[in-house]
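Structure first, then comments.
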Amino acid sequence: GNKITELDLSKNTALKTVYCYTNKLTKLTIGANSAINYIWCSDNPSLKNLDVSLCPNLTMLKFDMAAAKVKCINGDVPLDAVHFPDAAFRNYLYDKNGLNGLVRAVSIPSIKTIEVNGKSISSLKGIEYFTALERLYCHNNKITELDLSKNTDLKTLNCSSNPLEYLNIDTCSELIALECRSTKLK
């Protein structure tokens, strides 16, 4: 890396790929860049805000998920600590589902199953973005609360072997299989 602290790419409208990782960036300005499809800006611990809301063709975003706050295109959700506070859940989504730093609005309908058994997850906050989710397997974790009120297509849920004290499945009218043994539900 080097010691670049600010980078303004807003006038580089033909730019498709940005590699600016491992620097000292405090500000990265992308602007209205419809050509850009890949941004790798991780390892910039002082980069706290990133606006990619005017980049409709962005398919890959690598950034410091725990540090930066990202503003995306309407419907897209960044895989960051604000939207997915549990690091283990965030890493599962990042690594296993190939979501590349973003949960794209166009990909949400295709994500039907999430299987995070035994991943030491304590929170599934962020699960509400997966509105087409049909199967959730999250047994053997550390989850105490699980609100699935936005996951109205859910058909199968296994949340057993969690210290679960709260479960909201009130709007899950499609649910046909529920396993929630070895919890603290009353």
Side-chain angles (χ1 to χ4, degrees), residues 41-43 45 47-53 58-186:
C41 60
S42 58
D43 297 319
L47 183 62
K48 301 296 183 197
N49 294 293
L50 180 61
D51 186 347
V52 293
S53 63
L58 185 65
T59 58
M60 172 79 82
L61 175 61
K62 292 189 176 196
F63 62 101
D64 295 318
M65 295 180 288
K69 181 178 178 185
V70 179
K71 181 179 178 188
C72 291
I73 295 169
N74 287 340
D76 289 353
V77 182
L79 280 174
D80 61 10
V82 173
H83 297 89
F84 300 91
D86 187 280
F89 183 40
R90 199 169 53 242
N91 287 334
Y92 162 81
L93 293 171
Y94 196 87
D95 294 338
K96 300 296 181 194
N97 284 335
L99 295 176
N100 303 323
L102 292 171
V103 178
R104 298 299 310 258
V106 296
S107 69
I108 287 173
S110 67
I111 299 173
K112 304 286 187 187
T113 302
I114 292 181
E115 188 170 342
V116 289
N117 304 319
K119 302 275 187 206
S120 298
I121 293 170
S122 59
S123 171
L124 284 178
K125 183 176 178 338
I127 197 81
E128 65 271 15
Y129 298 110
F130 301 98
T131 54
L133 190 66
E134 294 179 358
R135 293 167 298 281
L136 175 59
Y137 304 99
C138 58
H139 65 274
N140 195 25
N141 281 293
K142 300 173 184 176
I143 302 164
T144 57
E145 295 181 6
L146 189 52
D147 184 351
L148 300 170
S149 59
K150 303 281 190 218
N151 307 97
T152 57
D153 290 348
L154 196 64
K155 292 175 176 45
T156 302
L157 171 62
N158 183 343
C159 57
S160 297
S161 301
N162 279 291
L164 198 60
E165 295 176 357
Y166 173 78
L167 174 63
N168 184 351
I169 52 173
D170 292 347
T171 59
C172 299
S173 60
E174 302 291 319
L175 195 63
I176 56 173
L178 172 63
E179 190 171 345
C180 57
R181 61 183 165 72
S182 301
T183 67
K184 293 183 178 182
L185 291 171
K186 294 181 183 184

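Atoms CG and SG, on Leu146 and Cys180 in that order, are 10.0 Å from each other to the nearest 0.5 Å. For the atom pair Ser42 OG and Leu47 CG, the distance stands at 10.5 Å (nearest 0.5 Å). Put simply, CD on Glu165 and CD on Glu145 are 8.0 Å apart, with the number rounded to the nearest 0.5 Å. Once rounded to the nearest 0.5 Å, the distance linking OG of Ser122 with CG of Asp86 reads 4.0 Å. Between the OG1 atom of Thr152 and the CD atom of Glu134 there is a distance of 10.5 Å, given to the nearest 0.5 Å. Note that CG of Asp76 is 10.5 Å distant from CG of Leu79, once rounded to the nearest 0.5 Å.
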What's the verdict on side-chain contact (heavy atoms from CB on, under 4.5 Å) for Ile108 and Ile111, showing C-alpha distance, side-chain angles and the deciding distance? CA-CA 6 Å; Ile108 287 173; Ile111 299 173; 5.5 Å; no

Would you check, one step at a time, whether the test side-chain contact (heavy atoms from CB on, under 4.5 Å) holds for Arg135 with Lys112? CA-CA 6 Å; Arg135 293 167 298 281; Lys112 304 286 187 187; 3.6 Å; yes

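With respect to Leu136, the side chain to side chain contact (heavy atoms under 4.5 Å, CB included) criterion is satisfied by exactly one of Thr156, Thr113, Leu148, Asn151: Leu148.
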In a table with atom names and distances, give each donor-acceptor pair under 3.5 Å that connects a side chain of residues 168-178 to protein atoms at least two apart or in another chain.
unit_1, atom_1, unit_2, atom_2, d
Asn168, OD1, Asp170, N, 3.0
Asn168, ND2, Asp147, OD1, 3.4
Asn168, ND2, Tyr166, OH, 3.4
Thr171, OG1, Ser149, O, 2.5

Under 3.5 Å donor-acceptor pairs involving side-chain atoms of residues 123-133, not counting sequence neighbours:
unit_1, atom_1, unit_2, atom_2, d
Ser123, OG, Lys125, N, 3.0
Glu128, OE1, Gly126, N, 2.9

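Across every non-hydrogen atom of Ala88 and Lys119, the tightest pair is CB-O, 3.4 Å. Residue Asn141 comes nearest to Gly118 through the heavy atom pair ND2-N, 3.7 Å, listed as atom of the first residue, atom of the second, then distance. Summarising the geometry of Cys138 relative to Asn117, their closest heavy-atom pair is N-OD1, 3.3 Å, with the distance given to 0.1 Å. Residues Tyr92 and Ile114 share a closest heavy-atom pair of CE2-CG2, 3.7 Å. Of all heavy-atom pairs between Val77 and Phe84, the closest is CG1-CE1, 3.8 Å.
Remark: Ser160 engages His139, Asn158, Glu179, Arg181 in a side chain to side chain contact (heavy atoms under 4.5 Å, CB included) (not counting sequence neighbours).
Under a 3.5 Å cut-off, the side chain of Asn162 and the backbone N or O of Cys159 do form a donor-acceptor pair.
By the neighbour-count criterion of 12 heavy atoms within 6.0 Å, atom NZ of Lys142 is sparsely surrounded, having that number or fewer from other residues, nucleotides or ligands.
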